[in-house]
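Report on one structure; see the data block that follows.
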There are 4 protein chains.
Amino acid sequence: MGGTTGTTGTAEAGDGAPVRRRQARGQKRIEEILHAAAEVFGEQGYDATTTNAIAARAGVSPGSLYQFFGNKDEVARALAERYAARLETLRAELGTVGDPGDGQDLEELAADVLGPLVAFNLAHPGFKALFARTDMPAGLRDAVAPVQAAIHGRVAELVGRLLPGRPDGEVARVATVSIQLVRGMIPLVTGADDGREREAMIAELHTVVVSYLRRQADLAGERPV
Amino acid sequence: MGGTTGTTGTAEAGDGAPVRRRQARGQKRIEEILHAAAEVFGEQGYDATTTNAIAARAGVSPGSLYQFFGNKDEVARALAERYAARLETLRAELGTVGDPGDGQDLEELAADVLGPLVAFNLAHPGFKALFARTDMPAGLRDAVAPVQAAIHGRVAELVGRLLPGRPDGEVARVATVSIQLVRGMIPLVTGADDGREREAMIAELHTVVVSYLRRQADLAGERPV
Amino acid sequence: MGGTTGTTGTAEAGDGAPVRRRQARGQKRIEEILHAAAEVFGEQGYDATTTNAIAARAGVSPGSLYQFFGNKDEVARALAERYAARLETLRAELGTVGDPGDGQDLEELAADVLGPLVAFNLAHPGFKALFARTDMPAGLRDAVAPVQAAIHGRVAELVGRLLPGRPDGEVARVATVSIQLVRGMIPLVTGADDGREREAMIAELHTVVVSYLRRQADLAGERPV
Amino acid sequence: MGGTTGTTGTAEAGDGAPVRRRQARGQKRIEEILHAAAEVFGEQGYDATTTNAIAARAGVSPGSLYQFFGNKDEVARALAERYAARLETLRAELGTVGDPGDGQDLEELAADVLGPLVAFNLAHPGFKALFARTDMPAGLRDAVAPVQAAIHGRVAELVGRLLPGRPDGEVARVATVSIQLVRGMIPLVTGADDGREREAMIAELHTVVVSYLRRQADLAGERPV
DNA sequence: CATGAATGAGGGTTCATTCAT
DNA sequence: GATGAATGAACCCTCATTCAT
């Protein structure tokens, strides 16, 4: 996706600038709507959120929302993709997460991944409304599925390095479980009333993930595939 | 009345039998409605489930449903209580779960508790629609809150025995986390496509819970409060 | 209906007594239902009153209510007739209301009629729900129409004596107006918060009716038809 | 709108015109809905009127109605306020109604007030459905209460001039009774089948009100407070 | 593209009425 | 006759979505 601007423009000759401006304005609108959606999803949950509420929060008319998004689920999908992109940016900024090997490294790895992830969740209250639900309505499931898959790919990569030699299926499963653990714990973190309880829950999250993965690593050692 | 059993028992009044039969019918209806609700909740999720859908599935008119339940939330509440009662029965049938001490016992304890719990979830598809959601709409939250509290109490009891000497707050937290771990993992189990994957997920669930709790027990040993 | 039991019974030979007892029981049920209906109509108004509420208040099942009354309107009709009968009894007990002639008599006549009428309304809170409404839903209108007609006949009789020589149409109109005046004023009487205000409103009612009828009598004198 | 009448006014923003036009459309819709409501209220009565019926009569969807009115009661309230405003306009157009003193003036005063009032009722069939009911369901009562109070204030003002020196409480009562007399008589006027009967009823209404108020004025003279 | 009024199917709920027991 | 659970049409209201301006 780098800088390949290639042939994307269907703009007519001579008026590239207005088109771009219009596109830019459209992009701004989209941004505003998604921002509003994140807020309302975070406050009310996905099902209870109405498209009109999103539009109102964005200071935009309902019709405008439907100019950019075909329906409610597409708003969710776009927001999910937005989150995915930011997570990707996050990951990129972290640089190369160390080649995990022993327990010590595991702790660090977990800290490196979970820390920003928790921060991300706290910074983006709408995130968990889309991702942290364990049972999803059909529309939402379809909307976030691709993003889920991308996240799963990333995590599987890390887990694969942690458990070298394990069959892909098992790696995938461990990745799935790891994600689910985080997903399940996040509400306990974001829902904590005071900072002390929140810190404690964050520590529990680390404990859960680390002890699970360490056990997996140990098992890998025990039964040399 | 008296001894007038002569005729077929179409007695007008004074006999408890018709009342009992009618109550029995009402109870049966309630059962049918809750059964249908469990199904539909399980299939569609709580929000997407309509009271008319529940009634239709139960082979009953909407008005009939409202004869027994004041509104949708009350159906959920009643179902939650039903589940709580069955869980309690389950627990009672298990007898006294052993006094946990070392790691070996912990494995057994986990197996004793998680095994039936998983079986219960598989047998009752509606259960997770009420309990496994991490973010709940207000109505549902209120409906299941008492039952959640009861479950938490049970688990805290077990955890307390596992981590003697720990302050109540920490025990409560470990219990909360443990429940949440199960809650988060259950969809992976029930959602598994084939039996092999399901078995694997059940194993992961055990691993997750045991490694977490063992780590907690070790910590308890390390830092003698 | 004195003692004319003549040939009313379709009872089969030999079991007249049970039938009568059953009829008596039915009559008692009817009485209870109408009593309950009067109460609930008085408290909630006609439209807001549900047949189930009436049945419940009567300590009877909805089905039982429909055993005696084909629908809600018929309950109203029966109640209206009951009220009419009691009003008739009232009138009969009053004996012959004096031959009205001059103003003095008019005052007395009004007092004789209005006093018991007000008392009746205060004693029967359901009465005004059926009669004091100035605009009625179709069902209720049909239900009370015959009784209204009967009342109108009685009043027209009195007015006719008060305004001798007036054409029937005018007498009927004065009767209609008189009834409407009472009908309109009754809520002010029954709705009065304290006794003092109520007494004042009763006085106003007298003033209204008397001044209207006296004016009519005067007019009768002025323009000798 | 400034002077920019050039193009057809499809300006994107900054111009008040589209907004105004849209508001005008909204106002028109409100008007249509209230007009329809008045009709249906007039035909069916308040309780029997459904919001869908109002919407249909207005040639509008149910959702549209709820865009302007939060619920059925608010429609009634808005209609009541509309009526109040028109009555006020009516009163203003009448100019200063003469300082009433003797009987002659009273006749004129009554004619000045009652004439337009009757005309208003005949022109607005929904009016009596909201105001002429003597017993109201809770929702309607709340909806029209403020308007009732305003009307009462106006009438009390007139009555106060008619009965100088009377305590406020008595003036208020006479006003209440006067209003109630009109309220009770209006259905006889609007419900009249033919014009002749209607005229006669209007005459009766005058007679009723005038004879009542004259009697009150006489009483005031008799017992000089 | 923006607007926001308009749509209308559908949701939860009520209640007059029926009917199996 | 008595019962009360059962019925289901209809009500009020919501909200995802459309469309004239």
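Any value given below was found using the heavy atoms of this structure, including those in side chains, with hydrogens, waters and symmetry copies removed. Residue numbering restarts at 1 for every chain, and letters A, B, ... go by the order of the sequence lines.
For A/Ser61, whose side chain is taken as the heavy atoms from C-beta onward, the closest listed nucleotide among E/dA2, F/dC13, F/dA2 is E/dA2. Comparing F/dT17, F/dA5, F/dA9 by their nearest atom to the side chain of B/Pro62 picks out F/dA9. The C/Asn71 side chain lies nearest to E/dT17 when the options are E/dG12, E/dT17, F/dA5. The A/Arg29 side chain lies nearest to E/dA2 when the options are F/dT17, E/dA2, F/dG8. Nearest to the side chain of C/Lys72, among E/dA16, E/dA5, F/dT7, sits E/dA16. Distance from the side chain of D/Ser64 is smallest to E/dT7 among E/dT7, E/dA2, F/dA6.
Look at CD on B/Gln67: it is 16 Å from C1' on E/dG12, rounded to the nearest Å. Following rounding to the nearest Å, C/Lys28 (NZ) and F/dG1 (P) show an atom-to-atom distance of 15 Å. Going from atom OH of C/Tyr66 over to atom P of F/dA2 covers 16 Å, rounded to whole Å. Distance D/Asn52 CG to F/dC13 P: 10 Å, rounded to the nearest Å. As rounded to whole Å, 13 Å separates atom C1' of F/dC13 from atom CD of D/Glu74. If you measure from atom CD of C/Gln44 to atom P of E/dC15, you get 10 Å, rounded to the nearest angstrom. Protein atom CD1 of A/Ile54 is 18 Å distant from nucleotide atom C1' of E/dT3, rounded to whole Å. Whole-Å rounding puts the C/Ile33 CD1 to F/dG1 C1' distance at 12 Å.
With a 6.0 Å cutoff to the six-membered ring centre and a 45° limit on the axis angle, C/Lys72 counts as a cation-pi contact of C/Tyr46.
Each of D/Asp73 and B/Gly59 was matched to the nucleotide of DNA chain F holding its nearest heavy atom; the match closer to the 5' end belongs to B/Gly59. A residue-by-residue look at B/Asp47 and D/Leu65 shows that D/Leu65 has its nearest nucleotide of DNA chain E further toward the 5' end. Where C/Thr49 and D/Gly63 each meet DNA chain E at their nearest nucleotide, the meeting point lying more 5' is that of D/Gly63.
Residues A/Ala76 and A/Ala143 approach most closely at CB-CB, 4.3 Å, considering heavy atoms. Between B/Leu34 and B/Leu79, the closest heavy-atom pair is O-CD1, 3.7 Å. Closest approach of A/Ile33 to A/Val60, counting heavy atoms only: CD1-CG1, 4.5 Å.
B/Thr50 comes within 4.0 angstrom of the backbone, heavy atoms only, and of no base. Using a 4.0 Å heavy-atom cutoff across all strands shown, D/Phe69 reaches no nucleic acid atom at all.
The pairing partner recorded for F/dT21 is E/dA2, the criterion being a Watson-Crick or G-U wobble arrangement whose two distances lie under 3.5 angstrom. Look at F/dC15: its Watson-Crick or wobble partner, with both distances under 3.5 angstrom, is E/dG8. Base-pair partner of F/dA10: E/dT13 (Watson-Crick or G-U wobble, both distances under 3.5 Å).
Counting only N and O atoms by type, the side chains of D/Glu39 and D/His35 include a donor and acceptor under 3.5 Å apart.
Put simply, C/Thr51 has a side-chain N or O that comes within less than 4.0 Å of OP1 or OP2 on E/dA16.
The closest donor-acceptor contact from the side chain of A/Gln44 to the backbone of A/Val40 lies at 3.5 Å or more, if one exists at all.
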